[in-house]
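Proteins get letters first, then strands, A, B, ... in listed order; numbering begins at 1 in each.
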2 protein chains.
Amino acid sequence: MAVRLAEVAEAAGVSQATASRVLNGSNRRPAPEVADKVRAAAERLGYVPNAQAQALVRASARLIGLVVHDIADPYFSSIARGAQRGLAGSGIQLMLASTERAAEAEVEAVRSFMSYRTDAILLAGSRGFGDDVLLERLLQAYRGNGGRVAMIGQPLASAGGVQIDNEGSAAALADELLRLGHRRFAVLSGEPELQTASQRAAGFLATLKSAGVMPEVVSQGAFTREGGYRMMVDLLASGVSGEERKLCVFCVNDVMALGALAALREAGLSVPEDVALAGFDDIPTLADQYPTISTVRLPLEEIGRMSVEMMLGNSDASHRVVVEGAVVLRQSTRLS
Amino acid sequence: MAVRLAEVAEAAGVSQATASRVLNGSNRRPAPEVADKVRAAAERLGYVPNAQAQALVRASARLIGLVVHDIADPYFSSIARGAQRGLAGSGIQLMLASTERAAEAEVEAVRSFMSYRTDAILLAGSRGFGDDVLLERLLQAYRGNGGRVAMIGQPLASAGGVQIDNEGSAAALADELLRLGHRRFAVLSGEPELQTASQRAAGFLATLKSAGVMPEVVSQGAFTREGGYRMMVDLLASGVSGEERKLCVFCVNDVMALGALAALREAGLSVPEDVALAGFDDIPTLADQYPTISTVRLPLEEIGRMSVEMMLGNSDASHRVVVEGAVVLRQSTRLS
DNA sequence: ATTAGCGTGGAAAGCGTATTCCCGCTGACT
DNA sequence: AGTCAGCGGGAATACGCTTTCCACGCTAAT
């Protein structure tokens, strides 16, 4: 269909081998005048190499796969952006899969990436395993065949990746909120099988406990804006907020906090006057919120960039980095 | 490296041809007991087909390419999400390129997608052509080889895609704002070579003109949040807002409006009390803004979905759809 | 009873490229 | 002058798969 290397070679009056050597830069470099002829012919015919054929014969497909839950979620799109940046200029392309939080879709995506022989697979925000033996086995096979796997946010036995200190960072946030003088807390968490959500809730609660503070409410819902909204609606309906002392609500991620905020507004309550609110991630979207929202800053783009760089570099395949979040107190948790 | 079809065939005691027929579902379906043997062997060995090899021999690589300016921008990530949704279950994978608004990167991305023999290329928010003969020629060649091209947002001669009625929608917005009673306007537009920005500004201005209203300011900057911020800072510095009648600022997209809003807040001005503000796109992020922001709603996700469906379906390759935006008036443009 | 027709599995030919040999040549060193 | 390393180009193989094309055994129709 398209122009093949053989046609270029013929047009240039050289062999296919020579044309190949000129156009892809092997370690053997043909004579300058020959090279020019080949390049001219390629240009004239509009030759575009067939990456599939190259991948078949080369070791690498020059492809990297990124699995996210929802590319429209700022958390993931920031990571994706970082990944793209990390890839810039490397000649490696990104394949994207958005699982919509379905475990089967995640497995499907990984299988597909394996099928395309991607050099590496980045799993962002995956639920931990546990029951998901299938995925684990798949990745094991992938790594056995030379593929590299990076978990973003969650550690995976014997795989590299960027790990996030969810517990520690959430604990630090709780510390700061206590220091501000907050004493009444609610924690809105995500699905229990989501390690990210559980760890954040656990870290937060552990610090409260060691300070002798009992949370008023701990609820679990969806790890999404909608989930935050729902849980806040329920929280308000339960009447827990109408007390003398202000309630401080910790949502285990920012989009949930935004959902919760929407519910508060609909109920005619203001932040931070009536209720204090904190999130986690510091997604870019938060920059445009008013009141400004307290959160734990994660260098999301950096995390994406680091992940691909770890995959690209020929460092130890199971290299790991742990990222700490930075507590950022803003208006939404002001006490008075 | 990985398990090959030949090994599966051998393990199952059949020929490679038979194994292939069983595992990928050709139009010839081997006998049930043979098929079971093959499937069992494939399962046991952990066979994953090599998509590169399949692509090489098949007509299609089962790949589709999406080019966006910035995947972290909600406008593009919404489109990407829609595209993913449209692809769901089709077995076709998405390759993503984020150009960071650089024309060379766009060309590079297209060339790369051509190299991977993607079945279609979706160009979202591309600057129109004009000077960009290179890109145009590239796409021409691609289409000549059976590739399909969809422009999202901008029409391309003889290519299909989803077109957005920027001018008409912006004109409708201006109409509504005039009807509300606004008379003093500022238009913050994007780079002049970006057709999307120019068309929106033009549609808006044309309606003002036919109503006999002269805009106070028309400025051009970056088509980004930062651009909106900068232009609003300049606008405020020029002192144009301190008049008896409220100024209504139209930003040609929502992220610019958010940037402008940030600048207003920093200057201690409120929306809509001191200045009215309107954007364009209705990105999901806008749902969490307070005050709520007037805009023109574009069904972004739907646009992404439609685009891939047009590419997938074997309808006329140059089929086009024009999407109208819906004016949504919210708090940010209230007059009193 | 013979043959046309059909269904089923296998051998083999590519798909487009990188790369390994191989071969002829030149230039340098003995 | 003879030999040999080194270099530059070409023929051919391999990458993993799909898909003709074939051969073969069976049923159904004349």
Side-chain angles (χ1 to χ4, degrees), chain A residues 1-39 41-42 45-63 91 112 114-119 145-146, chain B residues 1-39 41-42 45-63 91 112 114-119 145-146:
Chain A
M1 186 155 69
V3 179
R4 287 161 309 170
L5 185 57
E7 302 175 34
V8 174
E10 191 183 11
V14 301
S15 78
Q16 198 181 115
T18 302
S20 169
R21 288 193 265 253
V22 170
L23 294 176
N24 71 22
S26 80
N27 45 8
R28 279 186 51 176
R29 207 161 284 288
E33 67 270 20
V34 173
D36 286 345
K37 268 198 310 185
V38 173
R39 267 190 288 268
L45 297 175
Y47 172 71
V48 179
N50 185 324
Q52 317 285 359
Q54 291 182 319
L56 194 57
V57 62
R58 283 179 174 158
S60 146
R62 307 194 71 64
L63 229 38
S112 201
M114 287 174 70
S115 187
Y116 279 94
R117 301 296 190 260
T118 55
D119 300 319
N145 292 332
Chain B
M1 182 157 72
V3 179
R4 286 160 309 169
L5 184 57
E7 302 174 34
V8 174
E10 190 183 12
V14 299
S15 77
Q16 198 182 117
T18 302
S20 170
R21 287 194 264 253
V22 171
L23 295 175
N24 70 23
S26 80
N27 46 6
R28 280 185 51 177
R29 208 161 284 289
E33 64 270 22
V34 173
D36 286 345
K37 269 197 309 184
V38 172
R39 266 189 289 267
L45 297 175
Y47 172 71
V48 178
N50 185 324
Q52 315 286 0
Q54 295 187 135
L56 195 56
V57 62
R58 282 179 175 159
S60 146
R62 307 192 73 63
L63 230 37
S112 201
M114 289 174 68
S115 187
Y116 280 94
R117 301 295 190 260
T118 55
D119 300 319
N145 292 333

Enquirer: Once rounded to the nearest 0.5 Å, what's the spacing between atom OH of A:Y116 and atom CD of B:Q54?
Expert: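 Here the rounded value is 8.0 Å.
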Enquirer: As a test of reading the structure: which of D:dC15, C:dC15, D:dC17 is closest to the side chain of B:R4, going by heavy atoms?
Expert: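 Closest nucleotide among those given: D:dC17.
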Enquirer: Without decimals, in angstroms, what is the distance between A:L23 CG and C:dT17 C1'?
Expert: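 It works out to 11 Å between those atoms.
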Enquirer: Once rounded to the nearest 0.5 Å, what's the spacing between atom CG of A:L63 and atom CZ of A:R117?
Expert: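 Output value for this atom pair is 12.0 Å.
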Enquirer: Do nucleotides 18-28 of chain C as a string where each nucleotide becomes B, S or -: B if the base has a protein heavy atom under 4.0 Å, S if just the sugar-phosphate does, - if no protein is that close.
Expert: BBBB-------
Enquirer: Whole angstrom is fine here: how far is it from OH in A:Y116 over to P in D:dG16?
Expert: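 From A:Y116 OH to D:dG16 P: 17 Å.
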Enquirer: What is the distance from CD of A:E33 to C1' of D:dG8, rounded to the nearest Å?
Expert: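 Nearest whole value for this atom pair: 11 Å.
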Enquirer: Rounding to an integer number of Å, can you tell me how far B:R29 CZ sits from C:dT8 C1'?
Expert: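 Spelled out: CZ on B:R29 to C1' on C:dT8 is 14 Å.
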Enquirer: Using 0.5 Å steps for rounding, measure from the CD atom of A:Q52 to the CG atom of B:N50.
Expert: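 Between atom CD of A:Q52 and atom CG of B:N50 there are 9.0 Å.
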Enquirer: Can you give the donor-acceptor pairs under 3.5 Å from side chains of residues 8-19 of chain A to other protein atoms, not counting sequence neighbours?
Expert:
| residue | atom | partner | partner atom | Å |
| --- | --- | --- | --- | --- |
| A:S15 | OG | A:A17 | N | 3.3 |
| A:S15 | OG | A:T18 | N | 3.2 |
| A:S15 | OG | A:T18 | OG1 | 3.2 |

Enquirer: Just how far, in rounded Å, is P of C:dG16 from CZ of B:R117?
Expert: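 Distance check: B:R117 CZ to C:dG16 P gives 8 Å.
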Enquirer: Rounded to whole Å, how long is the line connecting atom CG of B:N145 with atom C1' of C:dC15?
Expert: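 These atoms are roughly 15 Å apart.
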Enquirer: Take atom CG of A:N50 and atom C1' of C:dG16, then tell me their distance rounded to the nearest Å.
Expert: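 About 6 Å, once rounded to whole Å.
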Enquirer: For A:S20, which of A:L23, A:V22, A:N24 qualifies under side-chain contact (heavy atoms from CB on, under 4.5 Å)?
Expert: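 Testing each of A:L23, A:V22, A:N24 against A:S20, the sole residue satisfying side-chain contact (heavy atoms from CB on, under 4.5 Å) is A:N24.
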Enquirer: Might you list the N or O atoms of the protein lying below 3.5 Å from N or O atoms in nucleotides 25-27 of chain D, with each pair's distance?
Expert:
none

Enquirer: Counting any heavy atom closer than 4.0 Å, what does B:A31 reach on the DNA or RNA strands: base, sugar-phosphate only, or nothing?
Expert: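 Sugar-phosphate: the residue B:A31, judged by heavy atoms under 4.0 Å, touches backbone atoms but no base.
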Enquirer: Please report how far the helix from C:dA1-D:dT30 to C:dT30-D:dA1 bends, comparing the axis fitted to its first five pairs with the axis fitted to its last five, to the nearest 10 degrees.
Expert: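 The value is 50°.
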Enquirer: Got a sec, which residues hit side chain to side chain donor-acceptor pair (under 3.5 Å) with B:S115, two or more places apart in sequence or on another chain?
Expert: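 Once residues adjacent in sequence are excluded, B:S115 has no partner under the side chain to side chain donor-acceptor pair (under 3.5 Å) criterion.
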Enquirer: How would you list all residue pairs meeting salt bridge (charged side-chain N to carboxylate O under 4.0 Å, His left out) that involve residues 29-38 of chain A, not counting sequence neighbours?
Expert: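 Checked against salt bridge (charged side-chain N to carboxylate O under 4.0 Å, His left out) - neighbours excluded - the pairs reaching residues 29-38 of chain A are A:D36-A:R39.
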